[in-house]
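Working notes for the structure below.
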Amino acid sequence: MSKVLISPSILSADFACLGDEIRAIDAAGADMIHIDVMDGHFVPNLTFGPPIIEMLRPHTKKPFDVHLMIAPVDPFISAFAKAGADILTVHPEAGPHVHRTLQAIRAAGMRPGVALNPGTPASIVEPLLDNVDLILVMSVNPGFGGQSFIESQLRKVEQLRHMIDQTGRDIVLEIDGGLNRETAPRAIAAGVTAIVAGSAVFKGGPSAYGDNIRALRPSVHV
Ligand code: DX5
Ligand code: ZN
């Protein structure tokens, strides 16, 4: 099995010292940095936008895995590219033309991703498979860290694993919400190749980050 990527969500970091937090998770073994952008409209919470991402960029060379929970998306694509996003993931419900949005993300030099809410079926991805490098399964309703894992999303992971395998393309299958040392191995068994975790990584402060990240990797559970 190829390595499962761990993408800590800085939503659970100490916002007063985000640069230090990013250096700490980088040193602790994070593969990517998951950045949750929320607009208070698409989801009932507010976080950060391109200026903060740009200021965080010099603190790590790891890819910025930017999860947009905003609507509309299109007017902001170039700003996220300039800020240093590597992967830009959007929800299909954020606008009427998700196919065009994914094309625009690639044209701006980033890797396009599509995110599925718990109530959104796997089938929505089928016409988009040629246009995405990452599929994000939300295993909580987006907006907040620290929520409980929604079991029914494992079935969706299995469906998407099958769809991705049929393409022969190297599409990352990522899961986000309620991942911890109990749920992560089950998501990996269902077929994900990347795990987002906020509260499970940042609990206990910087001295615990290494152990917290290692606890999410499959080798710990064999
Ligand atoms: C929720 C965000 C998640 C969140 C996960 O809207 O997309 O990335 O930070 O937090 P945990 O891992 O605590 O469920
Ligand atoms: Zn997220």
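Excluded from the calculations below are hydrogen atoms, water molecules and symmetry mates; all remaining heavy atoms, backbone and side chain alike, are included. Just so you know, ligand 1 is whichever comes first in the structure, and atom 1 is the first atom listed for that ligand. Owing to the predicted nature of the structure, the values given are computational and were not obtained by experimental measurement.
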Check ion pair [X]-[Y] (N to O, under 4.0 angstrom):
{"X": "R23", "Y": "D26", "result": "no"}
{"X": "D211", "Y": "K203", "result": "no"}
{"X": "R161", "Y": "E158", "result": "no"}
{"X": "D86", "Y": "K62", "result": "no"}

Give the atoms of ligand 1, by number and element, whose distance to some non-hydrogen atom of [X] is under 4.0 Å.
{"X": "G177", "answer": "14 (O)"}
{"X": "P142", "answer": "6 (O)"}
{"X": "A197", "answer": "12 (O)"}
{"X": "H67", "answer": "7 (O)"}
{"X": "M38", "answer": "6 (O)"}
{"X": "M138", "answer": "7 (O)"}
{"X": "H34", "answer": "8 (O)"}

With no hydrogens and no angle check, is any side-chain donor or acceptor of [X] less than 3.5 Å from a backbone partner on [Y]?
{"X": "D176", "Y": "A197", "result": "no"}
{"X": "R169", "Y": "L129", "result": "yes"}
{"X": "R57", "Y": "G84", "result": "yes"}

Using a plain distance cutoff, I'd like to know if [X] has any nitrogen or oxygen under 3.5 Å from a nitrogen or oxygen of ligand 1.
{"X": "G198", "value": "yes"}
{"X": "N141", "value": "no"}
{"X": "G145", "value": "no"}
{"X": "G178", "value": "yes"}
{"X": "G146", "value": "yes"}
{"X": "S12", "value": "no"}

Between OG1 of T47 and CG of D36, what distance do you get to the nearest 0.5 Å?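 With rounding to 0.5 Å, OG1 (T47) is 6.5 Å from CG (D36).
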Looking only at protein heavy atoms, identify the closest one to [atom] and say how far it is in Å.
{"atom": "atom 13 (O) of ligand 1", "value": "S199 OG, 2.6 Å"}
{"atom": "atom 6 (O) of ligand 1", "value": "G143 N, 2.7 Å"}
{"atom": "atom 9 (O) of ligand 1", "value": "S9 OG, 2.8 Å"}
{"atom": "atom 5 (C) of ligand 1", "value": "D176 OD1, 3.5 Å"}
{"atom": "atom 1 (C) of ligand 1", "value": "F144 O, 3.6 Å"}

Testing N117, L116, I150 one by one against M138 for a side-chain contact (heavy atoms from CB on, under 4.5 Å), which residue passes?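 Single side-chain contact (heavy atoms from CB on, under 4.5 Å) partner of M138 among N117, L116, I150: N117.
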Which atom, among the N/O/S set of [X], is closest to the Zn ion (ligand 2)?
{"X": "D36", "answer": "OD1"}
{"X": "D176", "answer": "OD2"}
{"X": "H67", "answer": "ND1"}

Which of parallel (below 30°), tilted (30 to 60°) and perpendicular (above 60°) describes F202 and Y209? perpendicular
Can you check side-chain hydrogen bond (donor to acceptor under 3.5 Å, both in side chains) on Q153 and K156, steps first, answer last? CA-CA 5 Å; Q153 301 311 299; K156 195 191 292 179; 2.8 Å; yes
Measure from the ring center of F80 to the ring center of F64 and say whether it is less than 6.0 Å.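 No, the ring centres sit 6.0 Å or more apart.
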Taking the side chain as every heavy atom from C-beta outward, state whether S139 and L179 have any atom pair closer than 4.5 Å. yes
